[in-house]
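Throughout, residue positions are numbered sequentially from 1 according to the sequence presented.
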Amino acid sequence: TAHVELNTIQVYHPRNDSTVLFVQGGQFFEVQKTQIAKFGAWFLDQRVSSNKNVLFATPFDPRFILLPYFEKAGSRYSPLEQIVHSSSIPTAANVKVPPLQFWRQWKMEEVFDVNDKLGDDMIVFRYNKDKALAWLQNKVEKVAKILAVQRKRAQRQTQPLFVTSFRSGSSFQHQHQQQQSVQEDPETAVVEDQDRRTAVELVCDNISDSLAGDLVQAFGYSVEEILSTKAATTSLKRKADWEIALEV
């Protein structure tokens with residue numbers, strides 16, 4: 001297999017003012033490291049590596065990275081570079097500002113005010129709290145639908161299968177395969193309150209506490225309860241395959 005060199009940078013992340021590694025490019029990926037076993041090794045081509053670390057890269061919406069910069073910048077129209085580089089967000093020496101050359105791919109108008117009246121060479125942006133909250137609420141609903149699909153799938157996998165005396169082994173096997181092949185559509189998934197509540201917590205993990213408080217209240221939940229859960233939960237616990245919804 002071909003070896004791919006990952007171009008990574010370390011940027012500010014609003015989760016508890018920590019920093020997170022991202023794979024740089026037109027699309028952002030959050031990189032996390034874990035170990036799948038205490039003892040083990042990897043076979044890489046013709047050699048054996050004793051490094052037990054495994055890297056997982058999950059798609060991540062870069063607008064989450066920009067939100068805290070816009071929150072600090074306030075309601076004045078400014079060029080994107082000025083908003084990011086003049087921010088008062090404290091950063092360590094090895095933390096870089098996010099690469100901005102790909103911003104036209106990010107649908108910035110869904111989250112921020114964008115003014116291009118001065119021409120393509122002088123596009124300015126402004127923080128719009130109402131627009132940001134509407135965008136975050138949409139994120140919550142999308143994550144909740146994916147959680148509902150996964151909950152339904154887990155229920156189906158753990159549901160006991162009964163075979164009546166007149167069913168042959170082959171017919172039962174065919175029925176079991178049909179059940180396993182069912183694919184739920186997130187758009188038609190029935191979202192329960194726990195799905196939406198968990199989705200709120202997950203999205204709050206990627207925004208400032210101030211904005212998280214507004215988002216929690218928009219869904220009618222208790223700010224104290226949701227944010228205390230957020231503070232008490234480590235980022236490692238939250239990682240799962242449904243986190244791809246943050247890319248949407």
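Note: Asp116 CG to Glu109 CD = 10.0 Å, rounded to the nearest 0.5 Å. The CG atom of Asn115 sits 8.5 Å away from the CZ atom of Arg126 when rounded to the nearest 0.5 Å. Expressed to the nearest 0.5 Å, how far CG of Leu100 lies from NE2 of His85 amounts to 5.5 Å. Distance check, rounded to the nearest 0.5 Å: OH of Tyr221 to SG of Cys204 gives 11.0 Å. For the atom pair Leu215 CG and Ile207 CD1, the distance stands at 5.0 Å (nearest 0.5 Å).
Annotation for Tyr77: hydrophobic cluster partners, listed by chain and number, are Leu118, Met122, Val124 (ILVMFWY side-chain heavy atoms under 4.5 Å, direct or chained).
Proximity of Glu192 to Arg151: side-chain heavy atoms (C-beta onward) are separated by under 4.5 Å at one or more points. Residues Phe64 and Leu136 are in side-chain contact: their nearest non-hydrogen atoms beyond the backbone lie under 4.5 Å apart. By the 4.5 Å heavy-atom criterion applied to side chains, Met108 and Phe70 are counted as neighbours. Between His13 and Asn206 the shortest side-chain heavy-atom distance falls below 4.5 Å. Side chains of Thr198 and Leu202 form a contact here, defined as non-hydrogen atoms less than 4.5 Å apart. Taking the side chain as every heavy atom from C-beta outward, Asn138 and Glu110 never approach each other to under 4.5 Å. Taking 4.5 Å as the limit, every side-chain heavy atom of Leu67 sits out of range of all side-chain heavy atoms of Arg63. The closest side-chain heavy-atom distance from Arg197 to Phe219 is not below 4.5 Å.
Each of Val111, Leu66, Asp61 was scored for a side-chain contact (heavy atoms from CB on, under 4.5 Å) with Trp106, with one residue passing: Leu66. When each of Trp103, Tyr69, Phe112 is tested with Phe125 by the rule ring-ring contact (aromatic ring centres under 6.0 Å, His included), just one qualifies, namely Trp103.
Of all non-hydrogen atoms in Val84 and Pro98, the two that sit nearest each other are CG1-CD, 4.1 Å. In this structure, Val191 and Ala144 approach most closely via the heavy-atom pair CG1-CB, 3.8 Å. What you find for Tyr127 and Ala132 is that their closest heavy atoms are CE1-CB, 4.1 Å.
Between Lys129 and Glu71 there is no salt bridge, since no side-chain N of the basic residue sits under 4.0 Å from a carboxylate O of the acidic one.
The number of heavy-atom neighbours closer than 6.0 Å to CZ of Arg76, taken from other residues, nucleotides and ligands shown, is 12 or below.
At a threshold of 4.5 Å between side-chain heavy atoms, the hydrophobic network of Ile, Leu, Val, Met, Phe, Trp and Tyr places Val190 and Ile146 in two separate groups.
For the pair Asp214 (side chain) and Leu211 (backbone), a donor-acceptor distance under 3.5 Å is absent.
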